[in-house]
Q: 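Below you'll find the structure I mean.
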Amino acid sequence: MQDRNSLIWLDGQWLPASEAKVSVLTHTLHYGYGCFEGIRAYETASGPALFRLPEHLRRLEDSARILAIDMPFDRATLTAACREVVARNGLNSAYVRPLVFLGDEKLGVDPAGAKTHVIVAAWPWGAYLGGEALQAGIRVRVSSYARHHPNVQMCRAKAISAYANSILSVREARRDGYDEAILLDTEGYVAEGSSENLFIVRDGELLEPETTSALDGITRRTVVTLAREAGLSVRAKRLTRDEVYCADEVFFTGTAAEITPVVEVDARRIGDGQPGPTTRRLQQAYFAAVRGEDAQHGDWLTPAT
Ligand code: PMP
């Protein structure tokens, strides 16, 4: 996936990927303590542009704050690095990955004394759940793993360690022939996908889980705005898995997954088993916004150059 010659920003320096290296005694490699972001840059008529970059960098700062990691670089520096990583690598569209991790100055669970490092990398990335997923929709299962209780791991941080739970759930789903997982919270209410937020549509209304066990997705927020602008009612409520089974439409949202229709959950067909009209309408509005074709939301885009 990563081109060894691509340029990576590491603590303020541009290095070829083959030289952007860390020690095997890096604290984060041992204990998974750190945080990251995933941002997409899309091709627009005026060149590549990053979608909702300030919101992603704000969430990175929030994640670091939640983990009590002092960010060594300010917003302006990281904004420049995210823009430049697309431009310097000559990418028309890209997935941009800032990652904050702790170094090898100290091992042992308490990271006091380990230095904080930041990388920003970028690579081309097509449809996250496969080429057909956006058109045809995907099949998902409710995971046997619960999403973290906020007193186990705070889900508002995009923490590296939260993804062991995501990986367990997605591997379990794929082992069983599904494409993705839906995770419930520890009380049994729907939380989110392994790396997506979830919406259902029932009788023309858009419903999302009211939960403290999900990431506050930026695509989710975008969809809420676009749906309200389209005159749809949007409401957050505690959702149970049977409400998902009986929805007219279900879809996932995420930077990588974009808006992916879900057409089957736990061997139950959703609606007529095809992506529904509300999902399609929101996909169209979303892709218009990310590609700079929605004049109302030009401020969601930051040009790479
Ligand atoms: N939940 C989880 C666990 C995720 O990893 C992601 C992807 N960042 C999302 C939700 C969706 O968030 P966003 O729309 O900001 O990418």
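Being a predicted model, the structure only gives us computed values, none of them experimental. Whatever order the structure lists them in is the order used to number ligands and atoms, beginning at 1. Computation of the quantities below employed the complete heavy-atom set of this structure, encompassing side-chain atoms and omitting hydrogens, waters and symmetry-equivalent molecules.
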Q: Tell me the protein heavy atom at minimum distance from atom 5 (O) of ligand 1, and give that distance in Å.
A: Y163 OH, 2.4 Å
Q: Provide, to 0.1 Å, the distance between atom 14 (O) of ligand 1 and the closest protein heavy atom, together with that atom's residue and name.
A: T219 OG1, 2.6 Å
Q: Take every heavy atom of K158, measure it against each atom of ligand 1, and state whether any distance is under 4.0 Å.
A: yes
Q: Could you say whether the N/O atoms of H56 and ligand 1 ever approach to under 3.5 Å?
A: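 No; every N/O pair is 3.5 Å or more apart.
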Q: Give the numbers and elements of all ligand 1 atoms closer than 4.0 Å to a heavy atom of E196.
A: 1 (N), 2 (C), 9 (C), 10 (C)
Q: Please confirm whether C155 approaches ligand 1 to less than 4.0 Å, judged on its heavy atoms.
A: no
Q: Numbering the atoms of ligand 1 from 1, which are under 4.0 Å from a heavy atom of S194?
A: 3 (C)
Q: Hey, looking at atom 7 (C) of ligand 1, which of G217, S195, G254 has the closest heavy atom?
A: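 Comparing heavy atoms across G217, S195, G254, the nearest one to atom 7 (C) of ligand 1 lies in S195.
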Q: Under 4.0 Å, counting heavy atoms only: does E37 come that close to any atom of ligand 1?
A: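 In this structure, E37 fails to qualify as a contact of ligand 1 - no heavy atom is under 4.0 Å.
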Q: Tell me whether the rings of H297 and W300 are parallel (<30°), tilted (30 to 60°) or perpendicular (>60°).
A: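 Correct class here is parallel.
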Q: Parallel, tilted or perpendicular: which describes the rings of Y95 and W123, with under 30° parallel and over 60° perpendicular?
A: tilted
Q: Looking only at protein heavy atoms, which one is nearest to atom 11 (C) of ligand 1, and how far off is it?
A: N197 OD1, 3.6 Å
Q: Is any NZ, NE, NH1 or NH2 atom of the basic residue among E208 and R220 found under 4.0 Å from an Asp or Glu carboxylate oxygen of the other?
A: yes
Q: Report the part of R59 in contact with ligand 1, treating N, CA, C, O as backbone and CB onward as side chain, heavy atoms under 4.0 Å; options are side chain, backbone, both, neither.
A: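 For R59, the contact with ligand 1 is made by the side chain alone.
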Q: Of all heavy-atom pairs between E192 and L215, which one has the smallest distance, and what is that distance?
A: OE1-N, 3.1 Å
Q: What closest approach, in Å, do A159 and L67 show between heavy atoms, and which atom pair accounts for it?
A: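 Closest heavy-atom pair between A159 and L67: CB-CD1, 4.2 Å.
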Q: Of all the non-hydrogen atoms in the protein, which one sits nearest to atom 16 (O) of ligand 1, and at what distance?
A: T255 OG1, 2.6 Å
Q: Yes or no: does H148 have any heavy atom under 4.0 Å from an atom of ligand 1?
A: no
Q: Between the side chain of H117 and the main-chain N/O of P72, is any donor-acceptor distance below 3.5 Å?
A: no
Q: Do me a favour and list the nearest non-hydrogen protein atom to atom 1 (N) of ligand 1 with residue, atom name and distance?
A: E192 OE1, 2.6 Å
Q: So which heavy atom on K158 is nearest to which on S63, and how close?
A: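 In this case the closest contact between K158 and S63 is N-OG, 2.9 Å.
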Q: Please identify which of these residues, R221, R58, R59, meets the salt bridge (Lys or Arg N to Asp or Glu O under 4.0 Å) condition with D216.
A: R221
Q: Quick one: does I218 get an N or O within less than 3.5 Å of an N or O on ligand 1?
A: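 Among all N and O atoms of I218, at least one is under 3.5 Å from an N or O of ligand 1.
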Q: Applying a 4.0 Å heavy-atom criterion (strictly less than), which segment of A214 is in contact with ligand 1: side chain, backbone, both, or neither?
A: neither
Q: I want to know whether F36 and Y163 have ring centres closer than 6.0 Å.
A: yes
Q: Closer than 3.5 angstrom, by distance alone: can the side chain of N89 be matched with the main-chain N or O of S6 as a donor-acceptor pair?
A: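 No, N89 side chain to S6 backbone: no donor-acceptor pair under 3.5 Å.
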Q: Which part of R147 is near ligand 1, with near meaning a heavy atom under 4.0 Å away: side chain, backbone, both or neither?
A: side chain
Q: Start with the C-alpha distance between Y189 and E210, add both sets of side-chain angles, then the distance that settles side-chain contact (heavy atoms from CB on, under 4.5 Å), and finish with yes or no.
A: CA-CA 9 Å; Y189 294 94; E210 187 175 38; over 6 Å; no
